[in-house]
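So the structure is just underneath, and the comments pick up after that.
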Amino acid sequence: MGSFKDVVGHKDIIKYIGNAVMEDRVSHAYILNGERGSGKKMLASLFAMTLLCEKHGPDPCNECHSCIQAERPYQGPYKIYIIPEADRMTAQAQNALLKTIEEPPKYAVIFLLTENAELLLPTINSRCVMLKLRNIKDTLIKKYLMEKMQIPDYKADVCTAFAQGNMGRAIMLANSEHFNEVREEAVQLLKYIHEMELSEIVNAVNHITVYKLEISDYLDLIMIWYRDVLMYKATKELDKVVFKDQIQYIKEQARRSSYEGIELILESLEKAKARLKANVNFELVMELLFLTIKEN
Ligand SMILES: [Zn+2]
């Protein structure tokens with residue numbers, strides 16, 4: 001069950017689907033391209049439901065025989081094939097698929113879900129209608145988290161900033177206990193780092209090694225924090241601050257650090273990420289980073 005009305009964002013794609021169904025201009029093959037969590041599978045499933053719906057409306061009716069049985073194979077007018085991770089198919093598999101797309105069985109509609117459609121053979125790309133999923137506006141994501149998931153304001157802000165337009169990611173973060181833990185760790189460190197001795201910083205680094213796998217999340221959180229500091233220093237506006245529940249510390253940091261210092265910290269965060277990717281010693285990278293933060 002489901003409806004396009006419940007989908008956040010993607011209005012252009014939804015409009016396209018509605019028109020294609022109503023005007024009987026449905027193509028045999030579509031590529032739905034977008035990053036992980038952006039909603040490709042959901043849109044393809046709703047598109048399929050709409051095609052099979054007995055009411056032939058622009059949106060599944062959720063009442064007819066077909067809509068109610070949407071989870072089971074149904075003998076409707078269309079045969080629907082949804083192929084996830086199509087961009088990971090081998091060249092041979094793609095060539096086999098190409099034959100199907102070139103001479104599709106009657107009433108077949110094929111959905112190729114991709115994160116990077118350029119990886120598909122050009123011959124496949126040119127025979128499919130491309131539907132590109134775009135980033136969803138922060139305001140829409142935040143609204144969804146607060147209204148549908150009852151996430152408190154300050155947490156919704158962090159999850160939204162972190163998700164960068166990706167609804168699936170925002171929901172995943174909002175549901176994640178672990179994300180809260182990582183966030184708490186980062187906040188505690190950023191609050192007190194200026195009063196910490198080197199030995200305490202080393203301890204903090206050791207503590208983070210627990211989160212080694214999520215270290216990029218941890219660094220992203222620190223980055224959001226310093227973007228807040230920079231934003232507040234430059235504008236004195238509170239409504240754009242992501243860490244709203246830590247505003248007292250953001251203000252203090254903005255007072256303490258120079259523009260150059262904050263820029264330096266943001267640069268060293270980028271550097272740290274790059275170095276970790278290049279497998280430079282973890283403790284070394286993090287100690288260097290924290291010293292830069294402490295000194296600025
Ligand atoms: Zn229906």
Side-chain angles (χ1 to χ4, degrees), residues 1-87 97 100-115 117 120 124 127-137 139-141 143-150 163 165-172 174-175:
M1 305 281 266
S3 163
F4 285 119
K5 293 180 194 84
D6 301 327
V7 175
V8 180
H10 305 307
K11 292 296 167 239
D12 49 345
I13 294 180
I14 292 170
K15 195 174 166 204
Y16 169 87
I17 293 173
N19 287 341
V21 172
M22 296 303 283
E23 293 161 18
D24 213 6
R25 288 186 293 105
V26 177
S27 168
H28 284 297
Y30 289 94
I31 295 170
L32 282 149
N33 190 64
E35 58 186 56
R36 203 168 149 218
S38 57
K40 303 182 288 288
K41 210 168 160 194
M42 170 196 62
L43 286 171
S45 306
L46 283 172
F47 196 163
M49 268 180 82
T50 309
L51 288 172
L52 298 173
C53 176
E54 290 161 16
K55 300 263 168 77
H56 306 292
D59 204 2
C61 73
N62 281 306
E63 285 167 1
C64 73
H65 187 62
S66 165
C67 283
I68 287 166
Q69 298 195 4
E71 300 308 314
R72 277 186 274 152
Y74 172 72
Q75 291 302 105
Y78 288 98
K79 288 232 177 299
I80 314 272
Y81 303 89
I82 297 177
I83 304 175
E85 299 187 338
D87 44 354
L97 177 69
T100 315
I101 294 176
E102 280 174 331
E103 286 170 48
K106 220 177 173 195
Y107 298 118
V109 183
I110 302 166
F111 295 101
L112 306 178
L113 312 187
T114 60
E115 283 183 42
L120 291 171
I124 289 193
R127 282 170 178 81
C128 297
V129 174
M130 171 77 79
L131 301 175
K132 278 188 188 158
L133 282 78
R134 301 214 186 106
N135 283 352
I136 296 171
K137 279 192 193 127
T139 47
L140 293 178
I141 292 186
K143 190 166 173 252
Y144 182 90
L145 296 182
M146 290 183 67
E147 288 177 6
K148 305 274 176 190
M149 295 178 69
Q150 277 79 47
N166 184 322
M167 193 71 199
R169 191 157 189 234
I171 292 170
M172 193 262 293
N175 277 327

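Note that ligands are numbered from 1 as they come in the structure, with each ligand's atoms numbered from 1 the same way.
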Listing residue and atom name, which protein N/O/S atoms are closer to the Zn ion (ligand 1) than 2.8 Å? Cys53 SG, Cys61 SG, Cys64 SG, Cys67 SG
Run the salt-bridge test on Lys40 and Glu35 with the 4.0 Å N-O cut-off and return the result as yes or no. no
Would you please say whether a donor-acceptor pair under 3.5 Å links the side chains of Ser38 and Asn166? no
Among Tyr81, Phe47, Tyr78, ring pair (Phe, Tyr, Trp, His ring centres under 6.0 Å) partner for Phe111: Phe47
Salt bridge between Arg36 and Glu115, side-chain N to carboxylate O under 4.0 Å? no
Carboxylate-amine/guanidinium contact Arg134 Asp12, below 4.0 Å: yes
Donor-acceptor under 3.5 Å (Asp59 side chain, Phe4 main chain): yes
